[in-house]
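One structure below.
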Amino acid sequence: MRLGGLALAFVSACCFGFSGPMAKYLIAAGLAPIEAVWARMAGAGILLLILLAVFKPRALRIPRSRLPFFAAYAIIAVAAVQSLYFVAITRLPVGIALLLEFMAPVMVVVWVRFVRRVRLARAAFVGAVVAVVGLAIVVEAWQGLRIDALGLMLGLLAGACCAGYFLMSDSFGDDVDPLGLIAWGMTGAAAALIPFSKPWNIPWSRFTEFATPEGGHTLPVLGAYLWMVVVATLVAYILGVNAVRRLSAAVGATVASLEVIAGAVVAWGLVGETLGGYQIVGGLIVLAGALVAQTATSRSQPPVPAPEPVTLNLERSA
């Protein structure tokens, strides 16, 4: 069970790693970052809603008492994370933007200790300090913060919202189907972003063209979009949900940090981005700090039986 969960989490992280590079193709085709976010969320949300309506309609039922939670999840855990990250990658390399976003596990530890007032092992705080040191190396702070300051702020805000995603994902019970939460979360995020993205102004004709990000390879825009929706969103989220249910939120979040490496590798292969020596070393230190912090968090909690994995059965449910 544990080995299978780790495998699912690893594949999920690799799938998520395509989101930034694929978004760069949409941006190179003329879409604004917020338009690319909306297209991704709307496409994935509508597709998953259709699949669940046909094969698992019970998953789409929302308890009335959970409506505020679903709204917060859609705005913070989906819309804000994706929007801030997509804008950040227009000012930062994909790998560095991902590193900033994956300060989230450390932020979770700080929130649990000082807001929820839960006592944690010393390793949790050691991990936080190590991650901050790694971040300082990533941005080469001794050089006067050469990385774009606005991009840095946006990346950290994306990390804070990502921390909210983990905290909220750890707070709902059996009355909420995770697949339904993902479907409504994506659709709700797309609805919330309509005033900002103005989808009626999106240059839809560009999806029939080819795009070449600066220094990257040429790909069909529609192909990049479909890959982002199906692989980097639906497959990534569904595998991630199954992984967390087989493992735990703490272990799942730690393995999800591999998205940083996956995103950097994909960006290197497709859009020609590279990380310098300091960024590589600092990135490894950030990941090590997150690993220590999350390990401490998981040890501070009593083990619980693993629930049944979430699946999308190819049989109509009543």
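- The shortest side-chain heavy-atom distance between Ile62 and Leu67 falls under the 4.5 Å cut-off.
- The CG atom of Leu239 lies 10.5 Å from the CG atom of Leu234; values are rounded to the nearest 0.5 Å.
- The hydrophobic cluster containing Val81 does not contain Ile182, counting ILVMFWY residues as joined when their side-chain heavy atoms lie under 4.5 angstrom apart, directly or transitively.
- Scanning both residues, Pro199 and Ile194, for their nearest heavy atoms gives CD-O, 3.8 Å.
- Between Ser83 and the options Leu154, Val78, Leu193, a side chain to side chain contact (heavy atoms under 4.5 Å, CB included) holds for only Leu193.
- Looking at Leu100 and Tyr85, their side chains never come closer than 4.5 Å, going by heavy atoms from C-beta outward.
- Within the structure, the side chain to side chain donor-acceptor pair (under 3.5 Å) test picks out no pair touching residues 5-20 (sequence neighbours left out).
- Remark: Phe207 pairs with Trp204, Tyr225 by the ring pair (Phe, Tyr, Trp, His ring centres under 6.0 Å) rule, at least two apart or across chains.
- Using a cut-off of 4.0 Å between Lys/Arg side-chain N and Asp/Glu carboxylate O, Arg61 and Asp177 are scored as not salt-bridged.
- Across Met107 and Ala163, no two heavy atoms sit closer than the pair CB-CB, 3.9 Å.
- Hydrophobic clustering keeps Phe210 apart from Met228 (ILVMFWY residues linked when any side-chain heavy atoms are closer than 4.5 Å, directly or through intermediates).
- Of the inter-residue distances, the one linking Ile75 atom CD1 with Cys161 atom SG reads 11.0 Å to the nearest 0.5 angstrom.
- Under a hydrophobic-cluster definition in which Ile, Leu, Val, Met, Phe, Trp and Tyr are linked whenever side-chain heavy atoms come within less than 4.5 Å, directly or via other members, Ile238 and Trp227 are assigned to the same cluster.
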Indicate every side-chain donor-acceptor pair of residues 25-46 with a distance under 3.5 Å to a residue at least two apart or in another chain.
residue: Tyr25; atom: OH; partner: His217; partner atom: O; Å: 2.8
residue: Tyr25; atom: OH; partner: Leu270; partner atom: O; Å: 3.3
residue: Glu35; atom: OE1; partner: Ala32; partner atom: N; Å: 2.8
residue: Trp38; atom: NE1; partner: Ala190; partner atom: O; Å: 2.9
residue: Arg40; atom: NE; partner: Thr233; partner atom: OG1; Å: 2.6
residue: Arg40; atom: NH1; partner: Gln82; partner atom: OE1; Å: 2.4
residue: Arg40; atom: NH2; partner: Ala232; partner atom: O; Å: 2.8
residue: Arg40; atom: NH2; partner: Thr233; partner atom: OG1; Å: 3.2

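- Annotation: side chain of Leu48 is not in contact with side chain of Tyr237 (no heavy-atom distance under 4.5 Å).
- Across Cys15 and Val235, no two heavy atoms sit closer than the pair SG-CG1, 4.0 Å.
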Quiz prompt | Evaluation steps, side chain to side chain contact (heavy atoms under 4.5 Å, CB included), between Leu179 and Leu52 | solution = CA-CA 8 Å; Leu179 286 176; Leu52 290 177; 4.2 Å; yes
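- Scored by the side-chain contact (heavy atoms from CB on, under 4.5 Å) test, Ala77 finds Tyr73, Tyr165, Met168 as partners (sequence neighbours excluded).
- Atom CG in Leu60 sits 12.5 Å away from atom CZ in Arg58 (nearest 0.5 Å).
- Closest non-hydrogen pair, Ala74 versus Ala189, comes out as O-CB, 3.5 Å.
- Residues that satisfy the side chain to side chain donor-acceptor pair (under 3.5 Å) test with Thr218, not counting sequence neighbours, are Thr212.
- With Phe69 as the aromatic partner, Arg66 meets the cation-pi criteria of under 6.0 angstrom to the ring centre and within 45 degrees of the ring axis.
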